[in-house]
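Shown below is the structure under consideration.
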Amino acid sequence: MAIQTDTQPLMANGLPMPADDLQVIKNGLIPPTPHSDIDPSRLTITLVPEDKLKEIPHADDLIFGQLFTDHMLYLEYDPASGWSAPEIRPYGPLTLDPASSCFQYCTNVFEGMKAYLGPDGVPRLFRPKLNMARMAKSAARVALPPFDTDAFLVLLQKLIAIDARWIPRARGHSLYLRPTLIGTRPGLGVTASTHASLYVIMSPAGPFFRTPAGISLYAVSDHVRSWPGGTGGHKLGLNYAPGFHPQRLAAEKGYQQVLWLLGDTITEAGAMNFFIALKREDGHLDIVTPPLDGTILPGVTRASVLSLLNAHPSATSLPHLSNSLRLYTHERPITMPELVAWSASGQLVEAFCVGTAVVVNAISRIGWEERDIVLPSYGGDHIGPVVRALWERLVDIQEGRVEWEGWSVTCE
Ligand SMILES: *Cc1c(COP(=O)(O)O)cnc(C)c1O
C-alpha cells in the first residue's frame, strides 16, 4: 500500500483511513509493508496437550452453543500489513481494547455452518462456498476488510479435521461452526474499523428444537426485524439484539419464536426462513416462500430446499412423496390475511421454517391478533409429508449418505 502525504490513503476495504490510524503510520510507528491476504501456508498450530483435552458429553446432553471444542482458528487484520499468519490454537478468551469498534458500533459479522460425519468417518461441510460468499458480502456491508474466502475455507477445513472427534455420530447431530469477523479498531470515532479479528469457534449440536411435533410462532408487526434498504439480508450481529425483547414477549404469551412481519407481510420466523405448502385445486402443491428483496436473509437451507423441491420428480424423488405429485415453488410475498384465508379454506396444509441450525422444522400454530392459525395434524404431530421428505433428504445429503450436486464437501 502506498502511503501518500497529501491525500488520505485508502484502507483495503476502499475507505479513507481514519485520521488517528493515518497519524500512527505517518509517525512511522507502523512500517508500510506490502499487504498480505490470508495465507494457509503460514498456518501455525498449537495443540492442547493430550491430558488437557475436554471431555465430550453424550449426544443427548448437548445444549445448543454452550460447549466449545478444544481449538479455534484465529487471524488478525492490520491496515499496514494485512492479514496475519493464521493460527489454530487452544479455545480461549480474546483480549480486546474496550474502545474496540465491535463493542461500540457493532461491526460484527457471523456465519452459521455445520460439519457432519459421513458413513466413511470423514467430516463434511454443506455447500460451504455459499457461506463464505455471504460472509464476504456481510463484511462489505459494514466496511470490514475483505479476505480471500477460499483460503479461509481451507483453514476452516483444517480446524474441523483437528477437532473431528467432536462431531457427534447420531443422525441429525453435527458440529456447529461459528465463523466470526469483528472490527477491533480502538477508538470512538464513528467510522469504519481499520482493524479486525477473524475467528472460528465450534460447538457440538443435537437437534435444535426438542419439540419435533412442530414449533409455535407469534406474529408481531410493532417490532420490525428488517426493512427495505436495511441490513436484514446480511448476517450481521446488529440484526439480532433488537429481536430479543420481542422474543421474550412471544415466550410470555406461550409461543416459541417470533414470526417477523413488515406491515402484514411475512418476512421470516426467528432466524429462519419461512415456507408454506398450499393444496391446489388439481391436487398438486404450491410451495411458497417470501422473495429475497433485501429484507430476507438469503439462507443456504432456503436455496437448497427450493432446488430439491424443483428437482422432484424429474431429477430426484423426494422420500415418501409420490412421483405423480407436482411441487410448484413460488418466491412471492405472503400476507397474514392470506394465511388466515388459506387456513380457513383448508388449502394451508403445511408451514415450516428452515435454517442450518434446525434444517427443516414444522410449525404447529401461528398466533396473530388474538387468534391462532392451527396447522393440520398428521397422526398426532404437525410433521407433514413435505417437511418429512425435505428433512430426510437434506440430512442424508449433509451426512454423506446421498450424493447430490456436489453439495457435501469433505474436510481432510
Ligand atoms: C442464518 C439465518 C437464516 C438461515 O440461513 P441458513 O444459511 O439456511 O442457515 C435465516 N434467517 C436469518 C435471519 C438468519 O440469520
Side-chain angles (χ1 to χ4, degrees), residues 48 53-74 88-94 96 102-103 106 108-117 123-126 128 131 134-135 138 156 159-160 162-182 197-212 215 225 234-248 250-251 256-258 268-273 297 299-301 353-361 391 394-395 398-399 411:
V48 174
L53 290 173
K54 295 177 194 170
E55 206 168 304
I56 303 175
H58 190 270
D60 291 341
D61 300 330
L62 296 171
I63 302 169
F64 181 80
Q66 290 291 312
L67 174 71
F68 294 93
T69 66
D70 295 296
H71 300 95
M72 65 190 284
L73 171 66
Y74 185 81
I88 288 176
R89 66 188 200 196
Y91 181 95
L94 305 177
L96 292 172
C102 60
F103 299 136
C106 208
N108 299 331
V109 168
F110 69 96
E111 268 304 324
M113 310 165 71
K114 279 176 171 176
Y116 310 83
L117 218 48
R124 287 170 162 73
L125 285 167
F126 182 69
N131 296 92
R134 187 168 69 191
M135 192 169 188
S138 300
L156 193 70
L159 177 69
I160 293 164
I162 287 177
D163 274 345
R165 72 183 187 104
W166 282 88
I167 309 176
R169 281 184 179 273
R171 185 168 163 81
H173 290 59
S174 55
L175 186 62
Y176 184 82
L177 322 184
R178 178 50 66 93
T180 309
L181 172 63
I182 58 174
S197 292
L198 176 61
Y199 58 89
V200 183
I201 53 177
M202 312 198 289
S203 174
F208 189 73
F209 291 109
R210 295 196 183 265
T211 45
I215 59 164
R225 191 194 92 86
H234 295 87
K235 240 174 159 62
L236 300 172
L238 55 83
N239 287 329
Y240 300 85
F244 298 153
H245 174 63
Q247 164 69 36
R248 187 175 279 174
Q256 287 164 286
Q257 292 282 323
V258 172
E268 296 195 53
M272 298 167 284
N273 293 119
L297 197 288
V300 175
T301 321
C353 31
V354 312
T356 296
V358 293
V359 189
V360 179
N361 208 105
W391 188 87
L394 274 170
V395 170
Q398 289 166 338
E399 296 180 355
C411 313

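For the numbers below, each heavy atom of this structure counts, side chains included, while hydrogens, waters and symmetry mates do not. In this chain, residues are counted from 1 in sequence order.
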Quiz prompt | Heavy-atom pair of closest approach, residues G112 and Y176 | solution =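 Heavy-atom minimum between the residues: CA-OH, 3.2 Å.
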
Self-check item: Backbone of I215 reached by a side-chain donor or acceptor of Q257 within 3.5 Å
Solution: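 Not confirmed, Q257 side chain does not pair with I215 backbone.
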
Quiz item: Can any side-chain N or O of E399 pair as donor or acceptor with the backbone N or O of L394 at less than 3.5 Å?
Solution: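 No, the answer is negative, given that no donor and acceptor are paired below the 3.5 Å cut-off.
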
Quiz item: Stepwise, does the side chain to side chain contact (heavy atoms under 4.5 Å, CB included) test hold for M272 with V354?
Solution: CA-CA 5 Å; M272 298 167 284; V354 312; over 6 Å; no

Quiz item: Just how far is it from atom CE of M135 to atom OG1 of T180, taken to the nearest 0.5 Å?
Solution: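 These two atoms lie 6.5 Å from each other.
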
Self-check item: Chi angles and distances behind the side chain to side chain contact (heavy atoms under 4.5 Å, CB included) call for I182, L96
Solution: CA-CA 11 Å; I182 58 174; L96 292 172; 3.8 Å; yes

Quiz item: Between C353 and V358, is any pair of side-chain heavy atoms under 4.5 Å apart?
Solution: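 No - every pair of side-chain heavy atoms lies 4.5 Å or more apart.
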
Self-check item: Closest contact, heavy atoms only, L175 versus P168
Solution: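 That closest heavy-atom pairing would be N-CD, 4.1 Å.
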
Quiz item: Taking T301 for the side chain and T356 for the main chain, is one N or O donor matched with an acceptor at less than 3.5 Å?
Solution: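 Yes, because the side chain of T301 sits within donor-acceptor range (under 3.5 Å) of the backbone of T356.
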
Quiz item: So, for S174 and K114, which heavy atoms are closest and what is the spacing to 0.1 Å?
Solution: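 Minimum heavy-atom contact is OG-CD, 3.1 Å.
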
Practice problem: Examine distances only and state if a side-chain atom of H71 and a backbone atom of L159 form a donor-acceptor pair shorter than 3.5 Å. | Solution: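 No, the answer is negative, given that no donor and acceptor are paired below the 3.5 Å cut-off.
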
Quiz item: For the side chain of S203 and the backbone of L67, is there at least one donor-acceptor N/O pair under 3.5 Å apart?
Solution: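 Side chain of S203 to backbone of L67: a pair is present.
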
Quiz item: Where do N131 and L125 land on the side chain to side chain contact (heavy atoms under 4.5 Å, CB included) test, with the steps shown first?
Solution: CA-CA 10 Å; N131 296 92; L125 285 167; over 6 Å; no

Quiz item: Atom CZ of R124 and atom CD1 of I167: how far apart are they, to the nearest 0.5 Å?
Solution: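 The CZ atom of R124 sits 10.0 Å away from the CD1 atom of I167.
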
Self-check item: Where L297 and R134 come nearest, the two heavy atoms and their spacing
Solution: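 Nearest pair, atom of L297 first, then R134: CD1-NH1, 3.4 Å.
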
Quiz prompt | Distance, nearest 0.5 Å, that separates OH of Y91 from OG1 of T69 | solution =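 Separation between the atoms: 8.5 Å.
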
Practice problem: Nearest 0.5 Å please: distance from the CG atom of L181 over to the CG atom of L236. | Solution: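 Spacing of CG (L181) from CG (L236) equals 10.0 Å.
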
Quiz item: Which value, rounded to the nearest 0.5 Å, describes the distance between L117 atom CG and I160 atom CD1?
Solution: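 The distance works out to 11.5 Å.
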
Quiz item: Donor-acceptor pair, N239 side chain versus R225 backbone, under 3.5 Å?
Solution: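 Judged by distance alone, no pair lies under 3.5 Å.
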
Exercise. Search all heavy atoms of S138 against all heavy atoms of V109 and return the closest pair with its distance.
Key: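 Of all heavy-atom pairs spanning S138 and V109, the closest is CB-CG1, 3.6 Å.
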
Exercise. For residues G206 and H173, report the shortest heavy-atom separation together with the two atoms involved.
Key: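 Nearest pair, atom of G206 first, then H173: CA-CD2, 3.5 Å.
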
Practice problem: Compute whether any side-chain donor of one residue and acceptor of the other, for Y74 and S197, lie under 3.5 angstrom apart. | Solution: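 There is such a pair (donor and acceptor under 3.5 Å, judged by atom type) between the side chains of Y74 and S197.
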
Quiz item: When you look at L53 and W166, which way does the side chain to side chain contact (heavy atoms under 4.5 Å, CB included) test go after all the steps?
Solution: CA-CA 11 Å; L53 290 173; W166 282 88; over 6 Å; no

Quiz item: Can you list every pair that meets salt bridge (charged side-chain N to carboxylate O under 4.0 Å, His left out) and has a residue in residues 162-182, with sequence neighbours left out?
Solution: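 The answer is D70-R165, R171-D396.
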
Quiz item: Got a second to check how far W391's CH2 is from N361's CG, nearest 0.5 Å?
Solution: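 Between W391 CH2 and N361 CG, I get 10.5 Å after rounding to 0.5 Å.
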
Quiz item: Can you check whether Y116 and F126 have ring centres sitting under 6.0 Å from each other?
Solution: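 Distance test on ring centres: not under 6.0 Å, no.
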
